[in-house]
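Atoms considered below: every heavy atom in the structure, side chains included; atoms not considered: hydrogens, waters and symmetry mates. Note that this is a predicted model, so its numbers are computed, not measured.
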Amino acid sequence: MKTQNMATERITARVTIENRELLERAALLSGATSLNSFLTNVAISEAQRVVNYTNVLQLSEANASALFEALDKPANVNDKLLQAAMKYKARKNNENRENYHRT
């Protein structure tokens, strides 16, 4: 039989009467079983969004640095790369001619 992780930590917050009424209404409209479960679900969801956004932002900054470094030091053109570029250019030229003759 599996054991469930039981929540044991408590977080409290003070809010105005208006904010409590708003939160209670939102909890009711969302179908939450209680105000506490609504607040927990919303807070965890927002926490995950913030953490994920921060991770993406950090990865993006690292990737940007790598990109700028690569642009500053372009790769040497070898025969294989040159052949691939020529093949691509020929294919694009053929496509352009075909599209021109269709119009």
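- Here the side chain of Thr54 pairs a donor or acceptor atom with the backbone of Val50 at under 3.5 angstrom.
- Summarising the local packing, CD1 of Ile17 is surrounded by 12 or fewer heavy atoms from other residues, nucleotides or ligands at distances under 6.0 Å.
- A salt bridge does not link Arg25 to Glu21: none of the charged nitrogens lies less than 4.0 Å from a carboxylate oxygen.
- The line from CG of Asp79 to CE of Met86 is 10.0 Å long, rounded to the nearest 0.5 Å.
- For the atom pair Asn52 CG and Gln48 CD, the distance stands at 7.0 Å (nearest 0.5 Å).
- The CG atom of Asn41 lies 9.0 Å from the OG atom of Ser34; values are rounded to the nearest 0.5 Å.
- Atom OG1 of residue Thr8 and atom CE of residue Met6 lie 9.5 Å apart, to the nearest 0.5 angstrom.
- Pairing each heavy atom of Asn76 with each of Leu81, the nearest pair is O-CD2, 4.4 Å.
- Nearest heavy-atom pair, Ala32 versus Ser37, reported as atom, atom and distance to 0.1 Å: CB-OG, 3.8 Å.
- Closest heavy-atom contact between Val15 and Asn19: CB-CB, 4.0 Å.
- Within a 6.0 Å radius of CD1 in Ile11, no more than 12 heavy atoms belonging to other residues, nucleotides or ligands are found.
- With rounding to the nearest 0.5 Å, the separation of CG in Leu28 from CZ in Phe38 is 10.5 Å.
- Applying the 6.0 Å contact sphere to CG of Asn93 captures more than 12 heavy atoms from other residues, nucleotides or ligands.
- Between the CZ atom in Arg20 and the CG atom in Leu22 there is a gap of 12.5 Å [rounded to 0.5 Å].
- Other residues, nucleotides and ligands contribute at most 12 non-hydrogen atoms within 6.0 Å of the CD atom of Glu69.
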